[in-house]
Every structure is written in C-alpha cells, then in structure tokens.
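Read through the structure below, which is laid out as structure tokens, and then see the notes.
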Amino acid sequence: MTFGLESVVFILYLLFMLCIGLRWFFKTKGGGEKSYFLGDRKMGPWVSALSAGASDMSAWVLMGLPASIYAYGLGQTWIAIGLAIGYALSWIIEAPALRRFSIAANDSITIPQYLSNRFMSRSKALQIICAVIFIVAYTVYAASSIKACGTLFHTVIGIDATVAMYIAAFIIISYTFLGGFSAVCWTDFFQGLLMLAALMLAPICALAMVSAGSGTAEAVALPDGYWNIFSSWQDVISGLGWGLGYFGMPHIIIRFMSIRSEKDLKKSSKIGIIWTLLILFFAVVSAIVAHYLLGDVEDTSTVFIQIVRRIFPALISGILLSAILAASMSTADSQLLAASSAFASDVYKPVFRKGNAGDREMLWAGRIVVLVIAIAALLIAANPNSGTIMGLVENAWGVFGAAFGPAILLSLFWRRFTFAGAVSGIVVGALVDILWLAFLSGTGVYEIIPGFLAGLIAAVIATCLSPAPEQCVLDLFDRASAPETEAAQR
C-alpha cells in the first residue's frame with residue numbers, strides 16, 4: 001500500500017463529507033419526516049440542479065461509460081446521446097408537472113406516496129409494490145457505487161479493494177444517516193462541481209499532451225469499426241433507450257419535488273441540462289483520447305484514473321480522482337435515502353404502525369433501512385461474481401425506468417388515468433424488464449425498452465378496462481394542471 005499525497009487528499013475529502021452530514025444533523029435536529037426525506041421543499045436552483053445531476057451520474061460516467069467506449073468504439077456513445085435527450089426532457093416536461101402534482105396530492109414526499117395520493121386511494125398495494133422494487137433495485141444500484149470505490153482505492157493507493165468498499169460504505173452511511181435529504185443534496189452539490197472540473201480538465205490536458213507528441217499515438221491499434229457510430233441497430237436503439245430511465249428514476253425526480261418554487265425550477269432545469277451535457281461530452285472525449293495517450297489498458301474501468309495520474313502531480317490528481325469518489329458517493333447516498341423513505345413512509349408507517357408513528361420514530365425507521373440496504377449492497381459489491389460497475393447500473397436503471405416511467409408520465413398528463421392502470425403498469429414493466437434480462441438479453445436490445453413499452457401498454461389497457469376516476473380525483477388533476485394554482489406557487 002502506498003500512502004502519499006493522493007491518499008491525504010482522499011482522507012480530507014471524506015472528512016469534509018462527514019462534516020456536511022454533521023452540520024445538517026444539528027441544523028435539522030428536531031425536524032420531522034418531511035425535513036429528513038425532502039428537505040422541507042426548500043432546495044435552491046443550484047443545489048437542486050447539481051444534486052439531481054450528481055445523484056444520476058455515478059462512477060459509471062467516469063469509469064463505466066469511458067470503459068465501454070474505449071473498448072467497443074463510438075457505437076457506445078448512443079448511451080450518452082440517449083441520456084442527454086432523456087435528461088433534458090425530464091426537466092422540461094416532467095419536472096414542473098411533478099412538483100405541482102406532488103403538492104396537490106396531499107403534499108406527497110415520496111414517489112410511491114405521490115402515486116397513491118394522486119388517485120386518492122386508501123389501498124396500500126401500490127405503496128408496498130413500489131417499496132419492494134425500490135429496496136431490491138437500489139441495493140443493486142448502490143452496490144455499483146461501492147464497487148467503484150473499491151476499484152479506485154485499490155488502483156490509486158494499493159489498499160485491498162474489499163477493505164476500501166467497507167470504508168466507503170461507512171462514510172456514505174454516516175452522512176446519509178445523520179443529515180438526511182439536506183445533507184445528501186449539499187454533498188451532491190459539491191461533488192457535482194468536482195466531477196465537472198475533473199471531466200473537463202483531464203481530457204483537455206490529455207489532448208494537449210497528445211498534440212505535443214506525448215502518449216502512444218504511433219503505436220495505438222484501434223479495434224475494427226471503432227469510429228463507426230452506427231455500429232449496429234441494437235447499439236443505437238439500446239443507447240437511446242437509456243434516456244427512458246429518467247422518467248421513472250426516483251432518486252433523481254425526487255429533486256423536482258423538493259425545489260422551493262416554479263421560478264427556481266426553471267433556473268434549475270437550465271443549470272442541470274447544461275451540466276449533464278458537459279459531463280457526458282467529456283466522458284466520451286476521455287475514452288477516445290485515452291487510446292492515444294495510454295495505448296492498451298488492461299483494466300478498461302481504470303481509463304480515467306490512468307489519464308489523471310499520467311497528467312497531473314499528486315496533489316492535483318488526488319483532488320481530481322476524488323471526483324470518482326464523489327460520483328460514487330453522490331449516487332449511493334441518494335439511493336439509500338430514496339429506498340429508506342419508501343420503506344419508512346410507505347410501508348412502515350401506514351402498514352405496520354397504522355399511521356401512528358411519530359416523527360422521531362419515522363426518522364429512526366428510515367435510518368435503520370439505510371443501514372440494512374447499505375450492508376446488503378456491500379455484500380453484493382464484495383462478491384467477485386457480481387458483475388461490472390456498468391452492468392450493475394444497467395440492470396437497476398432498466399428496472400426503475402420500465403416500472404415507474406410510464407406510470408408517472410401518465411399520472412401527470414392523462415386525466416382518465418386510474419389507480420388500476422398505475423399498478424398494472426408498474427408490475428408489468430418491472431416483470432418484463434427482468435424477464436427480458438434473464439432470457440432475451442442475447443438479442444442485444446436493452447431490457448428497458450421492452451419493459452417500458454409493456455408497462456405503458458398494460459397501464460393504458462388496465463385504465464380503459466377500469467371505471468373512470470371519481471370526480472374528486474378529476475378535480476385534483478385539474479387543480480394541479482392549472483399553471484397558476486396555489487400549489488404551483490408554493
């Protein structure tokens with residue numbers, strides 16, 4: 001193990017994240033369920049935008065995506081294109097409506113709670129189904145972030161990857177456990193800035209070095225068809241399909257609900273879209289320039305790490321490589337909080353406690369779930385057969401997009417949409433996604449596409465076959481749809 005300046009920077013960064021958690025623990029001490037899980041809907045435009053982006057762009061954008069493009073060619077850039085389109089549309093189309101509807105629907109603070117309140121349903125079936133999907137998918141998703149931390153520490157410091165995973169999990173649990181949504185958003189804000197700085201500086205400096213004659217440009221041998229962006233129809237369709245995930249990604253769209261005003265939301269959308277476009281663009285550039293700067297790399301997931309260490313001195317590389325740590329942690333904390341809020345608010349309180357749980361009890365229920373899910377994710381990440389970082393993200397992303405995307409969009413824009421339609425869409429979307437992954441992944445088509453389409457069709461059919469919503473539900477839709485409602489200005 002080599003303990004140098006890079007290691008010192010990592011430790012200081014981790015301590016900084018813990019300090020943010022402690023600050024929000026003392027600031028929000030005595031606050032209630034809404035404060036812990038949604039920050040009292042007081043997030044400003046910059047924090048909301050960068051928090052949404054940072055919670056989305058986990059270590060896969062610094063390790064998984066560059067690795068895929070480095071190894072397989074520009075056909076993999078369709079993932080970045082699909083994500084850019086989907087993210088922009090989610091801010092422009094979904095965000096304003098979801099914020100208004102979540103407030104009109106009895107001031108809902110979680111996605112499952114919103115879907116139930118949207119239909120004024122007394123049934124807890126939808127909340128329980130959503131919570132189960134949340135816990136399973138987020139455990140897999142968080143495992144990818146913890147696994148990335150292990151790879152980072154092993155490559156840079158030489159520490160055992162499994163030990164590094166335990167350290168990272170402890171830090172993530174600590175500040176999520178202490179400060180809740182506000183701590184998560186503020187840590188994501190700083191981590192988003194760091195990620196952008198790293199992804200912009202590294203490829204630009206690498207290009208400058210290659211132009212000056214450094215690197216291995218003479219000896220590099222690119223794979224056949226590397227520059228062909230239209231490598232196959234499966235790459236194009238599957239890459240664009242990644243964009244569908246944004247419409248149903250709970251830990252991202254929950255940020256839409258937390259923004260303090262419609263005016264701030266418009267500003268957030270511009271910041272968030274620009275940030276994401278820059279992140280994705282420079283991730284692609286990093287993968288391409290790596291061939292000319294580094295030549296052949298045995299472990300493709302370390303491409304970005306090797307670029308940074310090749311270019312910068314230890315102090316600067318330590319700061320920039322903390323961006324990978326930031327990316328991993330900013331996504332894992334959001335996932336843990338979203339899963340814990342779903343269980344505490346949507347299962348524990350209404351089902352086990354029959355609505356009688358107080359604020360303090362709810363906070364501790366959520367914190368315990370954070371701990372349980374993190375431990376399960378750690379066990380998955382530490383398993384050598386768990387798959388790659390990109391593979392884990394891909395699986396969880398597909399389930400969320402297929403299950404929740406159609407139901408949430410229809411709930412916002414179809415007045416006739418019913419509770420039965422929402423339940424059917426979520427269940428069918430999740431099942432088709434999982435079955436496609438298990439039995440038809442050999443087709444080369446990303447499972448989110450058939451899952452999303454199946455969920456959409458099932459939701460429409462079930463709605464058409466079920467009785468029309470009651471008048472009170474239609475009135476709620478009309479109130480939330482009006483641009484100048486009290487809910488919209490809240």
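The chain is numbered in sequence order, starting from 1. What you see below is based on every heavy atom in this structure, not just the backbone, and it leaves out hydrogens, waters and symmetry mates.
The ring pair (Phe, Tyr, Trp, His ring centres under 6.0 Å) search around Tyr246 returns Tyr87, Trp397, not counting sequence neighbours. Residues meeting the ring pair (Phe, Tyr, Trp, His ring centres under 6.0 Å) test with Phe400, sequence neighbours left out: Phe134, Tyr138. Residues passing the ring pair (Phe, Tyr, Trp, His ring centres under 6.0 Å) test with Tyr166: none are found, sequence neighbours excluded. Applying the ring pair (Phe, Tyr, Trp, His ring centres under 6.0 Å) criterion to Phe312, with sequence neighbours excluded, gives no partner residue.
Here the side chains of Leu115 and Cys130 are in contact, with some heavy-atom distance below 4.5 Å. Using a 4.5 Å cut-off on side-chain heavy atoms (C-beta onward), Phe282 and Ile204 make contact.
Closest approach of Ala377 and Ala143 over heavy atoms only: O-CB, 3.4 Å. Residues Ala422 and Leu126 approach most closely at CB-CD2, 4.3 Å, considering heavy atoms. Across every non-hydrogen atom of Met257 and Ile111, the tightest pair is SD-CD1, 3.7 Å. Between Leu277 and Ala84, the shortest heavy-atom distance links the atoms CD2-CB, 3.6 Å.
In this structure, the side chain of Ser144 does not engage the main chain of Val140 through any donor-acceptor pair within 3.5 Å. Distance alone, capped at 3.5 Å, is enough to place a donor-acceptor pair between the Ser232 side chain and the Asp235 backbone. Side chain of Asn395 to backbone of Gly391: a donor-acceptor contact under 3.5 angstrom is found. Listed for the Ser116 side chain is no donor-acceptor partner under 3.5 Å among the backbone atoms of Gln113. Of the possible polar contacts, none joining the Ser386 side chain to the Ala382 backbone as a donor-acceptor pair under 3.5 Å is found. Side-chain atoms of Tyr70 come within 3.5 Å of backbone N or O of Val297 as a donor-acceptor pair. With hydrogens and angles disregarded, a donor-acceptor distance shorter than 3.5 Å links the side chain of Arg310 to the backbone of Leu293.
Put simply, OG on Ser286 and CG on Leu207 are 8.5 Å apart, with the number rounded to the nearest 0.5 Å. Note that CD1 of Ile316 is 9.0 Å distant from CG of Leu201, once rounded to the nearest 0.5 Å. Put simply, CD1 on Ile271 and CD1 on Ile274 are 8.0 Å apart, with the number rounded to the nearest 0.5 Å. Going from atom CD1 of Ile146 over to atom CG of Leu378 covers 5.5 Å, rounded to the nearest 0.5 Å.
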Show me the side-chain donor-acceptor pairs of residues 441-454 shorter than 3.5 Å, one per line, residues at least two apart or across chains.
from   : atom 1 : to     : atom 2 : distance (Å)
Ser441 : OG     : Leu437 : O      : 3.3
Thr443 : OG1    : Leu440 : O      : 2.8
Thr443 : OG1    : Val445 : N      : 3.4
Tyr446 : OH     : Glu394 : O      : 2.6
Tyr446 : OH     : Gly398 : N      : 3.2

Quiz item: Taking it one step at a time, do Phe256 and Trp91 satisfy side-chain contact (heavy atoms from CB on, under 4.5 Å)?
Solution: CA-CA 8 Å; Phe256 303 159; Trp91 270 107; 3.6 Å; yes
Exercise. Test Thr276 against Leu83 for side-chain contact (heavy atoms from CB on, under 4.5 Å), laying out the working first.
Key: CA-CA 9 Å; Thr276 298; Leu83 289 169; 5.9 Å; no
Practice problem: Tell me, with the steps shown, if Ile253 and Phe404 meet side-chain contact (heavy atoms from CB on, under 4.5 Å). | Solution: CA-CA 11 Å; Ile253 61 178; Phe404 298 111; over 6 Å; no
Practice problem: Take Phe304 and Leu65 through the test side-chain contact (heavy atoms from CB on, under 4.5 Å) and record every step on the way to the result. | Solution: CA-CA 10 Å; Phe304 183 78; Leu65 183 58; over 6 Å; no
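Among residues at least two apart or in separate chains, side chain to side chain donor-acceptor pair (under 3.5 Å) pairs with a member in residues 298-307 are Asp299-Ser301, Thr302-Gln306.
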